[in-house]
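Every chain is numbered from 1 and lettered A, B, ... according to where its sequence line falls, protein lines coming before strand lines.
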Amino acid sequence: MARQYTLHRGASATTPQIDYAAELNPQQHAAVTAAPGPALVIAGAGSGKTRTLTYRVAYLVENGISPQNILLLTFTNKAAREMLDRVAALIPHDLTGLWGGTFHSVGNRILRRHPVEAGFAPGFSIMDREDAEDLLDTVVATLGVDPKDKRFPKAGVIGDVLSFALNTSRKIDDVLVEKYPHFLEFSPQIGEARVRYEIKKRETNALDFDDLLEKSLRLLHENEPVRDRYQRQFQFILVDEYQDTNHIQGDFIDILGARHSNVMVVGDDAQSIYSWRGADFRNILEFPKRYPQARTYKIETNYRSVPEVLAVANAAIAANVRQFRKELIAARESNEFKPALVPLGDSGQQAQFVAQRVLELHEEGVDLDEIAVLYRAHFHSMEIQMEFTRRGIPFQITSGLRFFEQAHIKDVASFLKYVVNPRDEVAFKRMVRLLPGVGPRAAEILWADASKLPDESSFTALIDFKVPSKSRKSWGQLAHTLDEMAPKRQPVRPSEMLRSVVEAVYDDYAKANFPNYEQRREDLQTLVNFSRQYQSAAEFLDQLALLTNLEHESVASRGETELVTLTSVHQAKGLEWKIVFVIWMADGKFPSVRSLESDESVEEERRLFYVAVTRAKDELYLTYPQMHLGSGYGEMLQRPSRFLSEVPKALVEEWEVGCRW
DNA sequence: TACGTGGCGCTTTTT
DNA sequence: GCGCCACGTA
């Protein structure tokens, strides 16, 4: 055992500026000022979880901990940025040394510093889900399975299986048995696909999202100097949304915190809603077991919702067996509005009800931005969208493709990816397939030659390749453009590269292929603007891969008009509105049909319902259609959601909606 | 082999 | 409403 030696704060440390006791409630204060050592903070919905974390960081820094010795882990970039901004607003200290970001970005940061130790070359690519699927496709093609065999899983499904197995530390076969029993017969091929996929990733010098976690964890496990370095560096580790961590993330935290053991995890087991992508909320439930010295702090005062809403929330979650018992206590006063339970004839009426009520509320002075319609699955919103459009209610919908995942963005980015990492097979193929007359087959052949180009040779060497006569001309153009993007293989600035691609190649392609060319061109301009803040293409591409959203720009470009929000409950987590409608509160919709198979998944749906309810500040409407026009079966009776029957009748007011045309 | 067209079916999503 | 897939044609 090494000798323990503690550094004490010198006289130069500044005296704390923040009056913690005054600015925080007693429960928050206890967590923020906790003594070093492992700590579990159970923070209920709307209880100031983010506030607690940001004050904790400020507290550490004010008490002389250097920012570079702090690691703050979140799930989304938005959360990371928000917290760091808030810390910066609290204290005057320079926080640039602080490591704050998503698990993936921190993993990436470590791997970028030690790529070779991790088995990759500097400048590796990051593959998003689609890229990974493309690469898996090429791997599956080498497996010798009959391409006409419809029973064999698609690359996307194989990717899901491998990812789920990895993130839950389980065997492929166990995952197959549980989630994909019909693919069990292909277990050997799927296992082989994994082996070849791993090899392929090293060949193409590309990592998928899972690798950013798994390869960095592996590096920490296997490489003592690297492990030692980061264990020493991160004296204090803080983790947000701990209930949504998976095994790998749990291990990642444990290994980094092993030396100092100052791991503070914050979360709410009642809001764990991501088990289907590998999150295991046993991480949070069993934290006290893994860290026997851990102290637990509960923050239960809710500042968001009126007591009427919280009563429903508390009742809703009570039916769950596996949880830390806790009760949200309202800080706000009653508003005399009991959450409304609204049965409706069918989904059309449901849409009419929501629309009409939205208009009424708006007339009463409620800002449309303060209203949200939540649902279990995106397609549940179809009728609402149509009804809102019919009545001229402006709305924004959070769904579909993210900015950076759109085809035209990824097309253009593939040029940069190839230039930065010429071993990137996926990027190369995507790029050349944009040329007329080049499909999957031709791309394959071209790659066979291109992958043999020596590292130092100029991209103009591509000109001599054999290409279909149809693409002769554009091929020369492509080679020339690549050379312009990286003369002598030295990449120019990313904004310059993008300009070259768009002007020389992509604009023509977009004009010819996209009916909404104008919109796409605007997006590309946005991308160019975004890229200006980066000096190096590699850095820019990292952001492109890890960011997936352009929050600021997209919000600003939509203008200042008020909009009602339509969103899935999952995407609503962490947000709040004055008025919340939860629609399709019917068994088979919410909870979803597929969740009804097991108690565990129903519990997760119940947590999801809890998340939905706790988004409401003032008024909550729970609506459901009693009749559903089923596909092919004619009209079907729909049962109200079982979650509704778990809420005592006295806590809600049932509305009887009649029709008068 | 590339590419356009019509039909179908649909958890949830971050990186 | 949109993406994916299968199929047919050049």
What is the distance, to the nearest angstrom, from the [atom1] atom on [X] to the [atom2] atom on [N]?
X: Leu446(A); N: dA2(B); atom1: CG; atom2: P; value: 10 Å
X: Glu405(A); N: dT13(B); atom1: CD; atom2: P; value: 12 Å
X: Arg606(A); N: dT12(B); atom1: CZ; atom2: P; value: 21 Å
X: Phe379(A); N: dT12(B); atom1: CZ; atom2: P; value: 7 Å
X: Phe124(A); N: dT15(B); atom1: CZ; atom2: C1'; value: 14 Å
X: Leu541(A); N: dT15(B); atom1: CG; atom2: P; value: 18 Å
X: Gln543(A); N: dT14(B); atom1: CD; atom2: P; value: 17 Å
X: Phe164(A); N: dT13(B); atom1: CZ; atom2: P; value: 17 Å

Base, sugar-phosphate or nothing for [X]? Non-hydrogen atoms, less than 4.0 Å.
X: Glu383(A); answer: nothing
X: Val438(A); answer: sugar-phosphate
X: Ser592(A); answer: base
X: Arg594(A); answer: base
X: Pro440(A); answer: sugar-phosphate
X: Lys154(A); answer: sugar-phosphate
X: Asn77(A); answer: sugar-phosphate

Would you verify whether the NZ or CZ of [X] falls within 45 degrees of the ring axis of [Y] while also being under 6.0 Å from that six-membered ring's centre?
X: Arg376(A); Y: Phe609(A); result: no
X: Arg433(A); Y: Phe428(A); result: no
X: Lys410(A); Y: Phe404(A); result: no
X: Arg277(A); Y: Tyr274(A); result: yes
X: Arg615(A); Y: Trp577(A); result: no

Can you see if the side chain of [X] gets near the phosphate of [N] - specifically, an N or O under 4.0 Å from OP1 or OP2?
X: Gln571(A); N: dT14(B); result: yes
X: His378(A); N: dT13(B); result: yes
X: Ser105(A); N: dT15(B); result: no

Report the nucleotide, chosen from [options], that has the shortest atom-to-atom distance to any side-chain atom of [X].
X: Arg441(A); options: dT13(B), dT11(B), dA2(B); result: dA2(B)
X: Met382(A); options: dA2(B), dT14(B), dG1(C); result: dG1(C)
X: Ala442(A); options: dT14(B), dA2(B), dT11(B); result: dA2(B)

Legend entry - Anti or syn - dT11(B), cut at 90° from 0: syn
Inset, instruction - Flag as yes if Phe103(A) stacks onto the base of dT15(B) (centroids under 5.5 Å, planes under 30°), otherwise no. - result: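 Check failed, Phe103(A) does not stack on base of dT15(B).
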Inset, instruction - Using heavy atoms to find the nearest nucleotide of DNA chain B for Gly439(A) and Leu608(A) separately, return the residue whose nucleotide is more 5′. - result: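 The residue mapped nearer the 5' terminus is Gly439(A).
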Legend entry - Arg376(A) or Ala545(A), whichever maps to the more 5' nucleotide of DNA chain B: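 By nearest-heavy-atom nucleotide position, the 5'-most residue is Arg376(A).
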Inset, instruction - Please name the residue in the list Asn167(A), Asp280(A), Asn283(A), Thr168(A) that meets the side-chain hydrogen bond (donor to acceptor under 3.5 Å, both in side chains) test with His247(A). - result: Asp280(A)
Legend entry - dT13(B) and dC4(C), which share atom name P, separated by this distance in whole Å: 16 Å
